[in-house]
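Inspection log for the structure reproduced underneath, given as structure tokens.
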Amino acid sequence: MPRLRVMSVTVSLDGFMAGPDQSLEHPMGVNGHSTFGWAFGTTWFGAEQPGDPVDERWAAQGWQGFGATIMGRNMFGPVRGPWGDSDWRGWWGDEPPYHHPVFVLTHHAHDPIEMQGGTTFHFVTDGIESALAQAMDAAGGLDVRLGGGASAIRQYLRAGLVDDAHLAIAPVLLGRGERLLDFADGLPGYSCTELESSARAAHVRLSRSADTAGG
């Protein structure tokens, strides 16, 4: 059965997925990129030579078995409020790395944006469950990747819709930014089912229990 999975999401030691003040110059917020040392050292994220085998293995999982992606508007770009005459088409150039349909959560309607290499950005204004249903339909029996940002992941976790989540905890302190696991009442229905460490990150898998409400 197709699943909704979070993969290769990096969190600082103090719990931040992104630094503060996201902008065109700082896509992941100020110093947010510093948490991704483990990923940038792998061939899956552009390194010429293989990195730590643990990091390589976890990075590989983030690119395999997916037929669609869901992301929040903050992950798509820095534009806020109504789109107006913005010609923003994402951070990834003319050929994004997804190569499948991507569903962007937003409060403001936008026509689909078709990119080279098979990626089309679709903009969903009627909530997370609608985005999930559309993504599952588009994925053609493969899993759906939930890419972020932090707010989008929190919404799906809170609703019990995430089946599996890989978090890479980096030995970096950001001090402020956007927290990922910011739940006042904890996160019932999920448990840590795998833990493996490299020199650059502790890789944690959170899995949803079979009786958790949701997808």
Side-chain angles (χ1 to χ4, degrees), residues 4-42 44-47 51-63 69-80 91-92 104-105 128 145-209 212 214:
L4 178 63
R5 295 194 283 149
V6 174
M7 293 302 302
S8 300
V9 165
T10 300
V11 183
S12 67
L13 277 177
D14 45 353
F16 295 101
M17 182 176 165
D21 304 322
Q22 183 195 37
S23 66
L24 189 61
E25 294 75 23
H26 301 285
M28 299 173 63
V30 176
N31 292 328
H33 67 283
S34 65
T35 66
F36 263 83
W38 75 271
F40 296 148
T42 69
W44 296 92
F45 285 84
D52 187 295
V54 172
D55 294 334
E56 287 282 345
R57 185 165 56 254
W58 283 93
Q61 296 177 35
W63 297 98
T69 291
I70 297 171
M71 66 175 61
R73 181 167 172 178
N74 284 9
M75 183 172 175
F76 178 71
V79 181
R80 301 290 180 264
W91 302 103
W92 305 277
V104 181
L105 300 165
I128 63 172
R145 178 173 182 167
L146 177 57
S151 176
I153 294 175
R154 281 198 306 270
Q155 290 178 65
Y156 279 99
L157 283 171
R158 188 176 288 114
L161 296 173
V162 176
D163 296 293
D164 186 274
H166 162 221
L167 309 181
I169 303 173
V172 172
L173 296 171
L174 291 180
R176 60 192 183 101
E178 189 167 5
R179 291 189 181 278
L180 178 60
L181 302 178
D182 194 5
F183 301 99
D185 55 351
L187 192 59
Y190 289 89
S191 59
C192 177
T193 56
E194 193 172 355
L195 171 62
E196 188 175 22
S197 295
S198 71
R200 292 186 169 185
H203 298 276
V204 176
R205 186 184 305 280
L206 300 179
S207 299
R208 182 177 64 142
S209 61
T212 300

Are side-chain heavy atoms of Phe45 and Ser8 found at a separation under 4.5 Å? yes

Going through the distances and angles, do Leu206 and Cys192 end up as a side chain to side chain contact (heavy atoms under 4.5 Å, CB included)? CA-CA 5 Å; Leu206 300 179; Cys192 177; 4.3 Å; yes

Does any part of the side chain of Arg57, heavy atoms only, come nearer than 4.5 Å to the side chain of His203, both counted from C-beta? no

Worked verdict on Arg158 versus Asp182 for salt bridge (Lys or Arg N to Asp or Glu O under 4.0 Å): CA-CA 10 Å; Arg158 188 176 288 114; Asp182 194 5; over 6 Å; no

Minimum heavy-atom distance between Arg5 and Gln61, given as atom pair plus value: NH1-O, 4.0 Å

If you take all heavy atoms of Pro78 and Ser23, which pair is closest and at what distance? CB-C, 4.3 Å

Decide whether Trp38 and Ser198 meet the rule of one side-chain donor and one side-chain acceptor closer than 3.5 Å. no

Ser34 side chain reached by Leu174 side chain, heavy atoms, under 4.5 Å: yes

So OG of Ser151 and CE of Met75: to nearest 0.5 Å the spacing works out to 13.5 Å

Rounded to the nearest 0.5 Å, how far does CZ of Arg200 lie from CG of Asp52? 8.5 Å

With rounding to the nearest 0.5 angstrom, report the CG to CG distance, Leu157 to Leu180. 7.0 Å

Is any side-chain heavy atom of Asp21 closer than 4.5 Å to a side-chain heavy atom of His26? no

Apply side chain to side chain contact (heavy atoms under 4.5 Å, CB included) to residues Leu167 and Leu181 and explain how you reach the verdict. CA-CA 11 Å; Leu167 309 181; Leu181 302 178; 3.9 Å; yes

Any heavy-atom pair between the side chains of Gln155 and Leu161 that's under 4.5 Å? no

Smallest separation among heavy atoms of Asp14 and Val172, with atom names: OD1-O, 3.9 Å

Closest non-hydrogen contact found for Leu146 with Ala152 is CD2-O, 4.4 Å

Quick check for you: to the nearest 0.5 Å, what is the distance between Met7 atom CE and Asp164 atom CG? 6.5 Å

Cation over ring, Arg208 on Tyr190, under 6.0 Å and within 45°? no

Would you say Glu194's side chain and Val204's backbone share a donor-acceptor pair under 3.5 angstrom? no

Distance check, rounded to the nearest 0.5 Å: Thr42 atom OG1 versus Phe36 atom CZ? 10.0 Å

Using modelled atom types and a 3.5 Å cut-off, is there a donor and acceptor pairing between side-chain atoms of Gln22 and backbone atoms of Asn74? yes

Between Thr193 and Ser207, is a side chain to side chain donor-acceptor pair (under 3.5 Å) present by the stated rule, with each step listed? CA-CA 6 Å; Thr193 56; Ser207 299; 2.8 Å; yes

Residues Val30, Arg176; criterion side chain to side chain contact (heavy atoms under 4.5 Å, CB included); working and verdict: CA-CA 10 Å; Val30 176; Arg176 60 192 183 101; over 6 Å; no

Is the shortest side-chain heavy-atom distance between Val6 and Tyr156 below 4.5 Å? no

In this structure, NE2 of His33 is separated from CE of Met28 (nearest 0.5 Å) by 8.5 Å

Nearest heavy-atom approach of Ser12 to Thr35 is CB-CG2, 4.1 Å

Heavy-atom closest pair, residues Leu4 and Arg145: CD1-C, 4.4 Å

